[in-house]
Trainee: 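Please read through the structure below; I'll follow up with questions.
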Amino acid sequence: MPELAEVEYFRRQWDAGKNAAITEVLVHPKPKLFRGIDVPALVRQLTGARIVDSFTHGKQMFFRFRPAATLGIHLGMTGDLSIASADAPQGRHDHLVLRQKARSLVFSDSRMFGRIRFMAGAEKPEWETGLPPGILTPQFTAAFVDEALRRRGGTPIKAALLDQEFFPGIGNWMADEILWQAGIEPHRRCKTLTAPERKRLHTATRAISKKSLEKIGKKLHDAPAKWLFHVRWRKGGDCPRCGAPLKHATIGGRTACWCPRCQPAK
DNA sequence: CAACCTGTTCGCCA
DNA sequence: ATGGCGAACAGGTT
């Protein structure tokens, strides 16, 4: 489920436990999501610590602690953050549980495609400093998008939009939404996009990210009316703009949905 | 029962 | 070396 705005939504779930001491740390017996991490050290460091800040970048979440440490959580395909009671038993898919006096902060992920990162100390980890420009920052310019499309020249635009090095936070439904709103057919190779199309792509990417954060960032699955979002899941839907039957195909290994009339093939 | 899935990474091949 | 593609990962849902 989680793309840009949904990741932001889940990050906020843990705000309830901000500044409260962590009394106990539970981790999943399988270390898959902790790959490359010294798990006992993480448990030691976070026991007694407090979350003092948190933020997201694309699909990546960051939590800062005092004593100084940074926890990174990626939700993968099926992860979520939630609040449970202070004595809630650890669920089968709960990979990290931070106990507090009044509640538990839970990271659950049934399909185990998520990832946990951790670094003790005040220094920023390289998995934070090495990130590309966020879509809603001034550095995410039309020129940046042009360069991304040049680099991914022969790739279908739908697949390129899923590249987190260039479009951090964009996932499958957002990519379909962007192309639909920009009127670009998803198979189009990046290098064949015209200057006006590239401009529309940049504009739509920013607008949809902003709107998503305003709406979905507060309440899950509450995308604006009239968006493709509401009809793209199942086959047989019609274009919310023109009413034409939507098309579906696999592009770059993922399901794509588009309107053949609003997004004509060249 | 088989197919499908809102993500990422790896290995293969051109 | 580089770009692009398909498979793999694992469990739940349709």
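In what follows, chains are A, B, ... by sequence order, proteins preceding strands, each numbered from 1. If you're wondering where the values come from, they're calculated on a predicted model, not measured in any experiment.
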Trainee: Look at A:Thr78 and C:dG12 and indicate whether a side-chain polar atom (N or O) is within less than 4.0 Å of OP1 or OP2.
Mentor: no
Trainee: Between A:Ile251 (CD1) and B:dG7 (C1'), how many Å, whole number?
Mentor: 17 Å
Trainee: Step by step, work out the salt bridge (charged side-chain N to carboxylate O under 4.0 Å, His left out) result for A:Asp87 and A:Arg99.
Mentor: CA-CA 8 Å; A:Asp87 59 353; A:Arg99 298 276 201 216; over 6 Å; no
Trainee: Would you say A:His74 reaches B:dT8's phosphate, i.e. side-chain N/O to OP1/OP2 under 4.0 Å?
Mentor: yes
Trainee: Is the distance from OP1 or OP2 of C:dC9 to the nearest side-chain N or O of A:Lys32 less than 4.0 Å?
Mentor: no
Trainee: Expressed in angstrom and rounded to an integer, what is the separation of A:Asn172 atom CG from B:dT8 atom C1'?
Mentor: 13 Å
Trainee: Which whole-number value in Å describes the distance from A:Ile73 CD1 to B:dT8 P?
Mentor: 15 Å
Trainee: Could you write out each protein N or O paired with an N or O of nucleotides 3-6 of chain C at a distance under 3.5 Å?
Mentor:
from  : atom 1 : to       : atom 2 : distance (Å)
C:dG4 : OP1    : A:Gly154 : N      : 2.4
C:dG4 : OP1    : A:Thr155 : N      : 3.2
C:dG4 : OP2    : A:Arg152 : NH1    : 3.1
C:dG4 : OP2    : A:Thr155 : OG1    : 2.8
C:dG4 : O5'    : A:Thr155 : OG1    : 3.4
C:dC5 : OP1    : A:Arg189 : NH1    : 3.4

Trainee: What dot-bracket string describes DNA chain B from 5' to 3', counting Watson-Crick and G-U wobble pairs whose defining distances are under 3.5 Å, with [ ] for crossing pairs and | for pairs to another strand?
Mentor: .||||.||||||||
Trainee: Using a strict 4.0 Å threshold on nitrogen-to-oxygen distance, state whether A:Lys59 and A:Glu8 make a salt bridge.
Mentor: no
Trainee: If you check the A:Arg92 side chain, which of B:dT9, B:dG7, C:dG11 turns out closest?
Mentor: C:dG11
Trainee: Tell me: CE of A:Met112 to P of C:dG12, nearest whole Å?
Mentor: 9 Å
Trainee: Does A:Phe65 share a hydrophobic cluster with A:Ile37, counting links as ILVMFWY side-chain heavy atoms below 4.5 Å and allowing steps through other members?
Mentor: yes
Trainee: For C:dC9, is there a stacking contact with A:Phe113, counting only centres under 5.5 Å and planes under 30°?
Mentor: yes
Trainee: What I want to find out is whether A:Arg188 reaches A:Glu185 closely enough, with some N-O distance under 4.0 Å, to be called a salt bridge.
Mentor: no
Trainee: Does B:dG7 have OP1 or OP2 sitting under 4.0 Å from an N or O in the side chain of A:Gln164?
Mentor: no
